[in-house]
Amino acid sequence: MGKTQLKLPIGFSAGRSAKQSCVNLVNMYAEATPAGLSPVTLYSCPTPRIFSVIGSGAVRGQINAKGTHCAVIGSSLYTVDSSGTSANRGTIDGALLCDMAYDGVTVTIVSDARAYAYNPVTGVLQELLDTDLINPTSVCTLDQYTIFTRRGTGIIQWSELGDGTNYDGLDFAAAETSPDNAVAVRAAQQELVIFGEDSIEFFRNTGDPTQIFQRASGASPIEVGTVSRDCIAIMDNSFYWLGRDRNSNGLLIYRAEGYQAKRISNHAIETLLESVTDISTVQSYAYAQQGHSYFHMTIPDVATLVYDAATNEWHQRVKGSYPATARLPVADVGLHTFSMNGARPVQKPIVGSDDGNLYELTFDTFAQSGTTDEVSAGASYTYVAGDAKKRKIRAHTTSMTDTLPTAGSTGFESGRQFIVRATGGQITITPSSGTINGAATLVVADGAEYRLVASGTNWLAYLYTHVGVVREVTFAPIYNGNQYLTFTGFDLVCQTGGTVGPGDPEPMAELYWSDDGGETFKGGVAKSLGAIGERELTVRWRQNMGRGRNRVFRVRTAAPVDFTVLDAHVYAGPGAQA
């Protein structure tokens with residue numbers, strides 16, 4: 001067999017039988033490169049970087065309203081400007097995810113069968129108490145009308161033209177083709193789409209003043225429903241959702257093509273979905289970045305799976321670490337709401353997290369902390385509000401003395417946090433007032449890192465380990481019939497980018513292998529990823545990796561640097577030489 005080029009995987013297909021299908025990409029995606037070293041190149045997925053630190057509860061929903069970014073976090077509505085500075089605009093009752101829409105004037109919010117209206121110009125937030133608006137469960141806008149579904153019915157109801165705060169009890173319609181409840185209403189391409197439990201129906205604005213919205217002529221209902229409101233997303237003028245076929249009861253992920261539902265999930269994903277106890281908890285959003293359109297679906301505490309419309313393939317995204325020897329990571333990415341912030345000079349996807357903060361998805365941050373590094377040299381330093389989004393590396397040849405502003409003051413409100421690393425000497429950090437971990441000062445030893453968090457009028461400090469986002473490639477099994485192969489080498493052609501801070505460890509990649517088709521892995525041999533910014537680097541593993549008839553290789557890195565895979569080769573055979 002000798003030196004053999006391995007086919008780079010392009011997506012997630014880890015099905016029921018590991019021996020037949022164990023391929024996976026974690027926090028990496030494929031892009032076709034017909035003229036490259038390999039037909040595809042594997043790139044690192046964008047990483048969440050802190051955009052706005054709010055932290056007053058989980059992010060329940062967000063939307064952009066002509067440059068005003070609105071987010072429901074905990075029990076409050078916040079507006080966030082282009083710098084990430086937030087302002088509390090009032091109370092939104094409830095605890096579940098919200099549905100939000102914008103008609104050009106008013107942001108409408110549905111929370112636990114109650115509706116609210118916010119005017120970004122006047123800054124006024126009000127609950128909609130019109131008695132003709134009954135038990136709203138979802139919301140969208142079309143042609144300056146605000147449209148709701150009504151809980152426990154197949155009814156949609158809509159506002160007065162251009163006024164999302166006024167309603168008439170006679171302005172409603174019913175999706176009656178299928179006797180199921182309306183779960184969500186959405187709008188695209190001048191049509192209203194009513195997602196029911198068992199079916200989907202299409203309505204249009206007819207201009208008839210006695211019945212504005214009526215069933216679309218020539219549009220046959222789709223006999224597939226949706227499992228929840230929050231699993232539906234719009235991308236490239238099409239709908240993506242997790243649904244059940246009303247006839248077969250099959251659980252699949254679909255894309256709407258005209259008035260048809262096209263399956264986009266694969267058997268591996270469908271097997272995973274059928275193992276979920278409460279499928280109604282699935283949450284989805286969609287966004288586009290660098291020429292790829294992504295449908296992002298999270299099964300809380302199970303997995304985050306992302307469909308790339310450019311390749312029609314899936315990959316997995318994970319936050320935090322997990323055992324490198326596990327067949328599949330069992331974790332989600334922790335980001336459940338999405339919006340584009342048009343106020344920023346360069347638009348980037350803004351995602352919301354359970355930690356109450358907003359993050360922007362970027363290709364220049366690779367640390368799990370979601371921070372960017374900033375080196376500050378000097379014997380003393382006073383922290384500023386802008387440090388809340390950074391990992392502050394204090395580098396000096398002797399001991400340093402730093403000052404923390406008062407917790408709770410402007411820019412350092414409760415929940416604000418940042419990371420401090422000492423390099424070259426210890427740091428003695430003293431709050432202007434109050435305490436830090438109950439003491440007057442905190443000493444950060446040389447080489448140590450702490451996460452500093454404002455808590456009321458005092459500060460808390462936690463030891464922190466700076467690690468990158470895990471990126472992992474699991475290759476297809478190498479078969480040789482019933483004959484054993486001896487494996488003596490593995491080459492990974494890759495490219496690295498970004499920087500590491502002073503005193504940070506050298507970026508490394510690890511090689512694992514399995515001889516049972518990917519059920520269990522061993523190895524974990526680490527090799528250097530070389531100098532940062534190398535255009536093309538071959539990482540070579542040279543050792544006796546034993547014999548196998550069904551060998552699966554896995555490459556993994558958690559280095560806080562960019563990581564691109566260009567090609568891979570294996571050395572194997574009776575007495576193979578590398």
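Note that the coordinates shown come from a computational prediction; the quantities given were computed from them, not determined experimentally.
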Got a list of side-chain donor-acceptor pairs under 3.5 Å for residues 230-237, not counting sequence neighbours?
from, atom 1, to, atom 2, distance (Å)
D236, OD1, S293, OG, 3.2
D236, OD2, S293, OG, 3.2

- Message: Distance alone, cut at 3.5 Å: any donor-acceptor contact between the side chains of N312 and Y307?
- Response: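 Yes, because at least one side-chain N or O of N312 sits under 3.5 Å from a partner of the opposite role on Y307.
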- Would Q283 and T298 count as having a side-chain donor-acceptor pair, cut-off 3.5 Å?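 No.
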- Message: Any side-chain to backbone donor/acceptor pair from Q289 onto F363? Under 3.5 Å, distance only.
- Response: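 Flag not set: sc Q289 to bb F363 has no pair under 3.5 Å.
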- Query: Can you tell if the side chain of I200 reaches within under 4.5 Å of the side chain of I194, non-hydrogen atoms only?
  - Reply: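 When only atoms from C-beta onward are counted, I194 and I200 do not touch, as no gap falls below 4.5 Å.
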Excluding sequence neighbours, so at least two apart, what forms side-chain contact (heavy atoms from CB on, under 4.5 Å) with [X]?
X    : result
T33  : T41
E274 : none
V183 : E197, T226, R229
T137 : T149, R151

Do [Y] and [X] meet the salt-bridge criterion of a basic N to acidic O distance under 4.0 Å?
X    : Y    : value
E374 : R391 : no
D99  : R186 : yes
D198 : R244 : no

- Task: Could you walk me through whether W241 and I253 pass the side chain to side chain contact (heavy atoms under 4.5 Å, CB included) test, one step at a time?
- Result: CA-CA 6 Å; W241 77 100; I253 303 171; over 6 Å; no
- Message: Going by side chain to side chain donor-acceptor pair (under 3.5 Å), name the residues that satisfy it together with D112, two or more places apart in sequence or in a different chain.
- Response: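 If we apply the side chain to side chain donor-acceptor pair (under 3.5 Å) test to D112, skipping adjacent residues, there are no hits.
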